[in-house]
Novice: 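Supplied in structure tokens, the structure appears directly below.
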Amino acid sequence: MTQARLFSGMQPSADSLQIGNYIGALMQWRDMQDAYDAFFCVVDLHAITVPQDPAELREKTRRTAAQYIAAGIEPSKSTLYVQSQVPAHAELAWILSTVTGFGEAGRMTQFKDKSQRYGSDQTSVALFTYPVLMAADILLYQANVVPVGDDQKQHVELTRNLAERFNSRFGETFTVPEPVIQSDTARIYDLQTPTSKMSKSAESQAGVLYLLDDISATAKKIMRAVTDSDGTVHYDREGKPGVANLLTIYAALTGRQIASIEDEYAGRGYGDFKKGLRDVVVSEFEPVRERALELLADPAELDRLLAANAEKAAETAEKTLSAVYDRIGLLRRG
Ligand code: AMP
Ligand code: TRP
């Protein structure tokens, strides 16, 4: 029986993933990879829509891939590869841009936010066409499902519209994908400002837990996490955002119910609870960190692994691209 296709992507935008990426994206992908024919793409062409230092970009691309492998994405089971190593992505993006309306692309809220932040002279045309490249990523593989955070939902909607438009104009070519939106329980907040989503771009790094940080630094950040003066380990997202966030992390990493963790720590202080969470996070992160550093110690081997996966991805991608070229009437090399 053939499995349904899954496609998702992550930008190589940091030296280390933070625990929000881990719980919000990676754990979900790891759980889905058995049930789907999964493609996970390190989207370096998306990353360059904003300025990148070349040497750092290369390093972040390796680091991102290494952390996904270390955390349980199996490159022998799933296809884990780097976007720019499969030229069909950029080629299909061009074709799709010919069926995308200027106004339609202009309605993407992520573009509106980012271009406002940078100003129009600092905003690249590529930032504008970013969602079209994302549509190409997904449609090349005829993906059925696309797990993403809710900030990416609008881009998957655009992808569906482009697929349907292309199919009706040129004949059935693309599978129309379904977004799988990450649940609220998988949303992690900053340990110091538990009302903001955890992000590497936070002003202070004191509330951000990185997968590749020294274990002792991670332990310290947990022990210093903001709580409240009430003193009970109880889940209340509105009233006790700090404690609620720590409970969310605890439950996500152990697979336990929040109520059972509340029971365990009933009548005990936050100190005990934080120590418990610290042990949970440290034992989850330690092997992942070690494995990632091991992979990064042999970049040539990692590069070979990624190249082999890119070759596998290219086989599928080129079939779709070739069908697209035929459909729209491009004269093929005879
Ligand atoms: P980013 O690096 O922000 O583009 O995020 C990559 C993936 O990690 C996306 O699927 C996000 O939804 C997810 N993610 C990032 N930060 C968090 C967070 N604080 N909580 C849950 N998921 C997150
Ligand atoms: N834009 C996505 C993000 O920033 C990353 C991405 C690129 C992606 N191509 C994709 C996600 C295709 C899902 C499917 O998170």
Side-chain angles (χ1 to χ4, degrees), residues 5-30 32 36 38-50 60 63-64 67-68 71 79 81-84 86 89-90 92-93 96 108-111 113-114 126-127 129-160 162-163 177-202 207-211 241 244-245 248-249 252-253 313 317:
R5 263 296 149 70
L6 178 154
F7 189 96
S8 199
M10 57 284 184
Q11 295 207 36
S13 51
D15 285 332
S16 173
L17 298 179
Q18 38 92 359
I19 199 169
N21 306 128
Y22 186 81
I23 292 172
L26 233 174
M27 285 178 66
Q28 190 185 12
W29 295 2
R30 184 173 67 197
M32 291 176 94
Y36 291 91
F39 287 75
F40 298 114
C41 184
V42 183
V43 293
D44 53 350
L45 297 177
H46 279 105
I48 59 169
T49 57
V50 297
K60 285 174 178 172
R63 281 176 165 257
T64 302
Q67 289 172 84
Y68 277 81
T79 309
Y81 70 103
V82 176
Q83 189 183 32
S84 63
V86 179
H89 289 251
L92 183 61
L96 291 177
M108 296 295 116
T109 56
Q110 183 170 293
F111 172 74
D113 292 348
K114 286 195 185 173
L127 196 62
T129 54
Y130 176 116
V132 180
L133 177 60
M134 182 163 159
D137 297 342
I138 297 167
L139 299 181
L140 272 178
Y141 299 92
Q142 309 289 353
N144 305 94
V145 298
V146 182
V148 282
D150 60 357
D151 62 321
Q152 298 297 313
K153 192 173 169 201
Q154 195 186 26
H155 294 163
V156 182
E157 253 339 287
L158 175 74
T159 304
R160 291 170 53 86
L162 295 181
E178 295 290 338
V180 177
I181 306 300
Q182 162 199 321
S183 72
D184 269 352
T185 55
R187 178 172 290 220
I188 307 302
Y189 295 85
D190 190 283
L191 299 193
Q192 289 299 320
T193 318
T195 44
S196 323
K197 196 172 152 181
M198 188 182 288
S199 160
K200 63 170 189 303
S201 41
V208 188
L209 299 181
Y210 290 101
L211 211 48
N245 187 41
T248 303
I249 297 174
L253 295 185

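Whatever order the structure lists ligands and atoms in, that order sets their numbers, starting from 1. Side chains included, hydrogens not; waters and symmetry mates left out as well; all remaining heavy atoms used.
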Novice: Verify the distance criterion only: is there a donor paired with an acceptor across the side chains of Tyr68 and Arg63 at less than 3.5 Å?
Specialist: no
Novice: Examine Gln152 against ligand 2 and note whether any of their N/O atoms are separated by less than 3.5 Å.
Specialist: yes
Novice: So if I count the atoms of ligand 1 from 1 in the order they appear, which ones are less than 4.0 Å from some heavy atom of Arg187?
Specialist: 20 (N), 21 (C)
Novice: Atoms of ligand 2 less than 4.0 Å from Val148 heavy atoms?
Specialist: 11 (C), 13 (C)
Novice: Closer than 4.0 Å to some heavy atom of Ile188 - which atoms of ligand 1 meet that?
Specialist: 18 (C), 19 (N), 20 (N), 21 (C)
Novice: Numbering the atoms of ligand 2 from 1, which are under 4.0 Å from a heavy atom of Val43?
Specialist: 7 (C), 9 (N)
Novice: Below 4.0 angstrom from a heavy atom of Ala25, which ligand 1 atoms are there? Numbered from 1 as shown, please.
Specialist: 7 (C), 8 (O), 10 (O)
Novice: Taking 4.0 angstrom as the limit and counting only heavy atoms of Tyr130, give me the atoms of ligand 2 inside it, by number and element.
Specialist: 1 (N), 2 (C), 3 (C), 4 (O)
Novice: For Gly24, take its heavy atoms, then give the atoms of ligand 1 lying under 4.0 Å from any of them.
Specialist: 21 (C), 22 (N)
Novice: Would atom 5 (O) of ligand 1 count as contacted, meaning some protein heavy atom under 4.0 Å?
Specialist: yes
Novice: Would one find an N or O of Asp137, backbone or side chain, under 3.5 Å from an N or O of ligand 2?
Specialist: yes
Novice: Step by step, would you call Phe39 with Leu6 a side chain to side chain contact (heavy atoms under 4.5 Å, CB included)?
Specialist: CA-CA 6 Å; Phe39 287 75; Leu6 178 154; over 6 Å; no
Novice: What atoms in ligand 1 come closer than 4.0 Å to a heavy atom of Met198?
Specialist: 16 (N), 18 (C), 19 (N)
Novice: Assess the side chains of Ser84 and Asp44: does a donor N or O sit below 3.5 Å from an acceptor N or O?
Specialist: yes
Novice: Tell me whether ligand 1 is touched by Gln152 - counting only heavy atoms on the residue side and a distance under 4.0 Å.
Specialist: no
